[in-house]
Asks: 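A single structure is presented below for examination.
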Amino acid sequence: MTEDHTHPEGIPLPADRTLPPGQYPVPAPPVMHYGPVPRRRPERWRLTVGGATATGTEASFDYDRLLELPRREIQADLHCAVGWSALDQRWSGIAARDVVELAPPGDHVLHVLVFAEYGYASTVRLEDLLSARALLATHHDGEPLPDERGGPMRLVLPHLYSWKGPKWVRGWNYLTEPERGFWEERGYHLHGDAWREERYSYQE
Ligand SMILES: Nc1nc2c(c(=O)[nH]1)N[C@H]1C(S)=C(S)[C@@H](COP(=O)(O)O)O[C@H]1N2
Ligand SMILES: [Mo]
């Protein structure tokens with residue numbers, strides 16, 4: 001399956017690359033999301049971290065505050081659970097774990113519910129949010145994130161299927177019990193590791 005060059009949108013996979021099981025390579029990631037593209041309102045935008053925080057209070061950051069954090073850049077393949085993978089996407093932004101450090105979780109938190117505009121949300125393990133390559137991206141391929149790609153900020157979690165990374169991200173809540181997000185409620189996997197092919201909830 002990793003060498004499915006027969007898919008109509010597929011391209012040949014370079015010989016030195018591997019993809020997660022059941023994925024086929026595409027030349028570029030198609031814009032894909034549920035619902036409309038939200039209007040950009042940078043002056044009102046905030047990232048809010050709540051739920052079971054260490055302090056018991058919610059923290060909220062405006063865009064300029066977050067941009068004071070060290071900038072990071074990653075190159076990563078984007079794996080959509082419908083089967084396509086787009087190789088070598090370049091993202092830059094800030095590390096999710098730098099924000100976790102500013103607004104840490106309380107005890108017994110193993111998951112977060114990451115939320116975006118219009119009620120989209122995804123369930124993510126705290127350890128995945130803390131991984132070195134988990135990025136709150138503001139730029140894609142050197143350009144500020146276009147609106148349809150999730151501007152001003154989107155979460156990128158390279159080893160998970162891309163539904164786990166909300167575009168138009170607005171924050172997360174720390175959870176002591178896992179709560180299901182938009183796709184997790186609709187039959188998709190709570191963890192969603194692409195390399196383990198954790199697509200569907202029946203595999204849990
Ligand atoms: N807010 C929001 N983020 C989202 C989605 C969505 O519906 N809403 N879809 C996810 C899915 S399923 C995929 S494959 C990627 C697609 O990213 P792209 O449009 O940059 O290719 O966005 C993810 N993030
Ligand atoms: Mo997707």
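Values below: all heavy atoms of this structure, side chains included; hydrogens, waters and symmetry mates excluded. In each ligand, atom 1 is the first atom listed, and ligand 1 is the first ligand listed.
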Asks: Heavy atoms, side chains only, cut-off 4.5 Å: are Gln23 and Asp77 in contact?
Replies: no

Asks: Tell me whether the NZ or CZ atom of Arg186 lies within the 45° cone about the ring axis of Phe182 and under 6.0 Å from its centre.
Replies: yes

Asks: Does Glu177 CD have over 12 foreign heavy atoms under 6.0 Å away?
Replies: no

Asks: Kindly indicate, with the supporting measurements, whether the criterion side-chain contact (heavy atoms from CB on, under 4.5 Å) is fulfilled by Leu126 and Trp172.
Replies: CA-CA 11 Å; Leu126 179 60; Trp172 57 79; over 6 Å; no

Asks: Extract all N/O-N/O pairs under 3.5 Å that connect ligand 1 to the protein, and present each with both atom names and the distance rounded to 0.1 Å.
Replies:
| unit_1 | atom_1 | unit_2 | atom_2 | d |
| --- | --- | --- | --- | --- |
| ligand 1 | 1 (N) | Lys167 | O | 3.0 |
| ligand 1 | 3 (N) | Lys167 | N | 2.9 |
| ligand 1 | 7 (O) | Tyr34 | N | 2.7 |
| ligand 1 | 17 (O) | Arg154 | NH2 | 2.9 |
| ligand 1 | 19 (O) | Met32 | N | 2.8 |
| ligand 1 | 19 (O) | Lys167 | NZ | 2.5 |
| ligand 1 | 20 (O) | Arg149 | NH1 | 2.8 |
| ligand 1 | 20 (O) | Arg154 | NH1 | 2.7 |
| ligand 1 | 20 (O) | Arg154 | NH2 | 3.4 |
| ligand 1 | 21 (O) | Pro30 | O | 2.6 |
| ligand 1 | 21 (O) | Arg149 | NH1 | 3.1 |
| ligand 1 | 24 (N) | Gly165 | O | 3.0 |

Asks: Ring centres under 6.0 Å, that's the criterion: do Phe115 and Tyr120 meet it?
Replies: no

Asks: Under the rule for side-chain hydrogen bond (donor to acceptor under 3.5 Å, both in side chains), what residues qualify as partners of Arg46, not counting sequence neighbours?
Replies: Ser60

